[in-house]
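Inspection log for the structure reproduced underneath, given as structure tokens.
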Amino acid sequence: MRVVILQPSYMPWLGYFDQFYKSDIFVLYDDVQFDKHGCRNRNRIKTPQGPQWLTVPVLTHGLGKPTNRDVRIKPNDPWRRKHLQALRTHYAKAPAFSEVFPQLEDWLSKDWEFLWELNL
């Protein structure tokens with residue numbers, strides 16, 4: 001039996017999904033301390049100018065040392081539009097773009113309150 005335990009991540013890397021697929025039991029470890037410099041709320045994409053960070057703005061002020069489950073997404077910030085535009089600009093010619101991008105748009109268009117919900 002293969003058990004995989006990973007923290008939820010924003011737009012996880014391909015290996016994350018591979019581990020999920022190969023596991024018999026997959027556990028999302030979401031009650032550990034939030035790492036503001038980790039990949040819980042950000043990830044990088046490749047661009048012709050080099051890597052570009054896509055960051056989901058979060059509210060952590062006054063929470064002490066919040067867990068991943070405690071972190072809220074900053075409301076009224078245009079991050080969704082920026083992320084979609086960056087993905088459209090740099091990946092529009094990718095082979096599966098027309099198939100995958102509408103799903104990303106749908107996912108990002110939801111009004112997520114907590115980061116862990118978005119990442120799930």
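Sequence positions, counted from 1, serve as the residue numbers for this chain.
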L108 and L118: side-chain contact (heavy atoms from CB on, under 4.5 Å), yes or no, with the steps? CA-CA 8 Å; L108 288 176; L118 169 70; 4.2 Å; yes
Mind running side-chain contact (heavy atoms from CB on, under 4.5 Å) on Y91 and V100 for me, showing each step along the way? CA-CA 11 Å; Y91 292 94; V100 173; over 6 Å; no
Stepwise, does the salt bridge (charged side-chain N to carboxylate O under 4.0 Å, His left out) test hold for D70 with K65? CA-CA 9 Å; D70 298 327; K65 296 180 179 180; over 6 Å; no
Under the criterion side-chain contact (heavy atoms from CB on, under 4.5 Å), I'd like the reasoning laid out for H83 against V56: C-alpha separation, chi angles, the key distance, then a yes or no. CA-CA 9 Å; H83 291 199; V56 179; 4.1 Å; yes
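Checked for salt-bridge contact, R69 and D30 meet the test: a charged N lies under 4.0 Å from a carboxylate O. Ion pair D111/R80 flagged as a salt bridge, since at least one NZ, NE, NH1 or NH2 atom sits closer than 4.0 Å to an Asp/Glu carboxylate oxygen.
When the side chains of ILVMFWY residues are joined at heavy-atom separations under 4.5 Å, either directly or via intervening members, L28 and F20 end up in a single hydrophobic cluster. Both V32 and V27 are part of a single hydrophobic cluster, where members link through side-chain heavy atoms under 4.5 Å apart. In the hydrophobic cluster analysis, where Ile, Leu, Val, Met, Phe, Trp and Tyr join through side-chain heavy atoms closer than 4.5 angstrom, I25 is grouped apart from Y21. Side-chain heavy atoms closer than 4.5 Å link hydrophobic residues (I, L, V, M, F, W, Y) into clusters, and following such links, possibly through other members, connects L104 to F97.
To the nearest 0.5 angstrom, N68 atom CG is 9.0 Å from Q33 atom CD. The distance from the CD1 atom of I73 to the CZ atom of F114 is 9.5 Å, given to the nearest 0.5 Å. To the nearest 0.5 Å, atoms CE (M11) and SG (C39) are separated by 13.0 Å. Annotation: the span from L87 atom CG to T47 atom OG1 amounts to 11.5 Å, rounded to 0.5 Å. To the nearest 0.5 angstrom, W107 atom CH2 is 9.5 Å from L84 atom CG. Of the inter-residue distances, the one linking F17 atom CZ with L6 atom CG reads 11.0 Å to the nearest 0.5 angstrom.
Checking side-chain atoms of D77 against main-chain N and O of P57 turns up no donor-acceptor pair under 3.5 Å. A donor-acceptor contact shorter than 3.5 Å is absent between the side chain of W79 and the backbone of L54. Judged by distance alone, the side chain of R72 and the main-chain N or O of L59 form no donor-acceptor pair under 3.5 Å.
Under a cut-off of 6.0 angstrom, the local environment of CZ in F26 is crowded, with over 12 non-hydrogen atoms contributed by other residues, nucleotides or ligands. Taking a 6.0 Å sphere around CZ of R44, one finds it holds 12 or fewer heavy atoms contributed by other residues, nucleotides or ligands. Counting non-hydrogen atoms of other residues, nucleotides and ligands closer than 6.0 Å to CD of E99 gives a total of 12 or fewer.
The two residues R88 and A92 make their nearest non-hydrogen contact at O-CB, 3.1 Å. For the pair P102 and S98, the tightest heavy-atom approach, listed with the atom from each and the gap, is CD-O, 3.3 Å.
Remark: the Q19 side chain and the S23 side chain contain no N/O donor-acceptor pair separated by less than 3.5 Å.
Considering only heavy atoms from C-beta on, S9 comes within 4.5 Å of R40 through its side chain. Annotation: side chain of L115 is in contact with side chain of F34 (closest heavy-atom distance under 4.5 Å). Taking the side chain as every heavy atom from C-beta outward, Q52 and H90 approach each other to under 4.5 Å.
Classification of the Y16-W13 ring pair by plane angle, with boundaries at 30° and 60°, yields perpendicular.
Among the candidates T55, N119, N41, the single residue satisfying the side-chain contact (heavy atoms from CB on, under 4.5 Å) test with Y10 is N119.
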